[in-house]
Number of protein chains: 2
Amino acid sequence: MDRRPPETPALAELLTGSCYCLATRRASRRLVRLYDAALADHDLTISQLATLAWIRHLRHPTVQRIADLMEMDQSALSRGLMPLERAGLVSSAPDEKDKRKRVLRLTEEGDQRLIAASADWQKAQDEVARQQADIGADVTRLMAGINRLAANDG
Amino acid sequence: MDRRPPETPALAELLTGSCYCLATRRASRRLVRLYDAALADHDLTISQLATLAWIRHLRHPTVQRIADLMEMDQSALSRGLMPLERAGLVSSAPDEKDKRKRVLRLTEEGDQRLIAASADWQKAQDEVARQQADIGADVTRLMAGINRLAANDG
DNA sequence: CGTGGATATATGCATATGCAGCTAATTCCA
DNA sequence: TGGAATTAGCTGCATATGCATATATCCACG
């Protein structure tokens with residue numbers, strides 16, 4: 001006899017992979033594994049690479065500013081910076097004009113590691129595009145939809 | 001004067017949001033926040049809801065089997081089960097035939113919480129679909145592409 | 001009937017994330 | 001100008017994840 005309880009419509013839908021949240025997270029996990037592996041030689045994760053890139057890009061990079069740009073909680077970024085500072089890739093100093101803020105800066109090594117790793121990031125990116133040429137359009141469409149959701153937030 | 005170093009093509013691409021990995025992860029973070037908030041009243045995360053749903057669905061749910069289905073590392077699921085067992089929503093017993101395996105089971109309360117929470121999951125899912133009707137197609141396309149990537153793995 | 005290889009779990013270690021709450025600094029306004 | 005409201009950042013707490021590794025089983029083969 002089958003001891004499994006009867007399915008409900010909602011549970012059935014959730015399990016068939018049609019939950020937007022679960023499906024997207026799954027895709028995210030796969031890609032992160034792929035990109036992280038591509039960057040492993042540089043001892044950087046894709047998240048850390050992005051953080052370094054933002055610090056290099058901005059005129060006046062602070063924790064909150066980067067967190068906003070990466071659309072993540074400031075506390076998460078704050079913690080994410082720790083291994084980078086520990087590794088000597090990022091340094092920081094309080095802002096002269098606003099002592100609450102912490103102004104970030106890439107060290108010489110941080111800059112070099114970022115540049116070197118970005119070449120392997122490009123390889124991973126190209127490889128994904130090569131294997132699945134439409135993915136760019138797919139991701140673009142998904143982000144457009146997601147952005148519309150966010151717009152309704154406040 | 002502008003102290004920012006010159007951009008490289010790769011870094012420029014990475015920062016403009018065209019990194020498949022970062023874009024997907026960002027979308028994932030947003031959706032997780034949204035669904036987790038929708039489930040907060042039930043003290044469940046979207047991840048925990050999925051885990052409970054799989055346990056309820058399978059004839060013979062074990063850690064590895066569910067990890068495979070959710071496409072995540074077995075150790076991650078193993079840890080994810082802890083709060084569920086601690087909360088009394090899931091119980092387990094060693095498999096009679098194969099003592100290495102741990103057979104999972106929903107408790108009465110686990111079953112009730114799952115059913116109750118799935119109604120709110122449906123609300124979140126419907127709300128997302130309502131605000132962005134195309135998202136289903138977007139996610140489907142993305143997953144199809146991602147699945148093609150995975151096929152090239154082994 | 002061993003024993004080596006494969007399988008199922010768990011743990012140590014590290015990053016990734018978010019929320020709540022705390023402190024310091026700044027800003028705004030009466 | 002002085003206190004309220006806001007802003008930046010941090011820390012405590014909890015889950016989410018993956019990799020490497022240790023342990024217990026199981027299984028197939030000699």
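As a basis for the values below, the full set of heavy atoms in this structure was taken, side chains included, without hydrogen atoms, waters or symmetry mates. Note that the structure is predicted; figures quoted are calculated from it, not measured.
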Next on the checklist: Between B:R25 and A:S28, is there a side-chain donor-acceptor contact under 3.5 Å, judged purely by atom types and distance?
Outcome noted: no

Checklist outcome for this item: Checking A:T62, A:L104, A:L89 against A:I55 for side chain to side chain contact (heavy atoms under 4.5 Å, CB included), the one that qualifies is A:L104

Next on the checklist: Here's a test of your reading of the structure: between B:S75 and A:Q48, which maps to the more 5' nucleotide of DNA chain C?
Outcome noted: B:S75

Protein-nucleotide distance ([X], atom [atom1]; [N], atom [atom2]), rounded to Å:
X	N	atom1	atom2	answer
B:L84	D:dA14	CG	C1'	13 Å
A:L89	C:dT15	CG	P	12 Å
A:L44	C:dA14	CG	P	17 Å
B:D68	C:dT9	CG	C1'	13 Å
B:M72	C:dA16	CE	P	17 Å
B:L81	C:dA8	CG	C1'	13 Å

Next on the checklist: Ignoring hydrogens and geometry beyond distance, is the side chain of B:R100 in donor-acceptor contact with the base of C:dT9 at under 3.5 Å?
Outcome noted: no

Next on the checklist: Quick check: any donor-acceptor pair below 3.5 Å linking the side-chain of B:R79 to the base of C:dG12?
Outcome noted: yes

Look at the side chain of [X] and decide which nucleotide, out of [options], has an atom nearest to it.
X	options	value
A:Q74	D:dT15, D:dG18, D:dC10	D:dC10
A:K101	C:dT11, D:dG9, D:dT11	D:dG9
A:R102	D:dG18, C:dA25, D:dG9	D:dG9
A:S78	D:dT11, C:dT26, D:dG18	D:dT11

Using a 4.0 Å heavy-atom cut-off across all strands, classify [X] as base, sugar-phosphate, or nothing.
X	value
B:R29	sugar-phosphate
A:R33	sugar-phosphate
A:T45	sugar-phosphate
A:Q64	sugar-phosphate
A:R86	sugar-phosphate

Could you report the tightest heavy-atom contact between [X] and [Y], atom names first, then the distance?
X	Y	answer
A:A117	A:L44	CB-CD1, 3.8 Å
B:L77	B:A67	CD2-N, 3.5 Å
B:Y20	A:L31	O-CD1, 3.7 Å

Checklist entry - Salt bridge check: are B:K123 and B:E127 linked by an N-O gap of less than 4.0 Å? => result no

Next on the checklist: Less than 4.0 angstrom between a side-chain N/O of B:T51 and OP1 or OP2 of D:dA16, yes or no?
Outcome noted: no

Checklist entry - Are any of B:R25's side-chain N or O atoms less than 4.0 Å away from OP1 or OP2 of C:dT17? => result yes

Next on the checklist: Reading DNA chain D from 5' onward, which residue's closest nucleotide shows up sooner: A:T62 or B:I46?
Outcome noted: A:T62

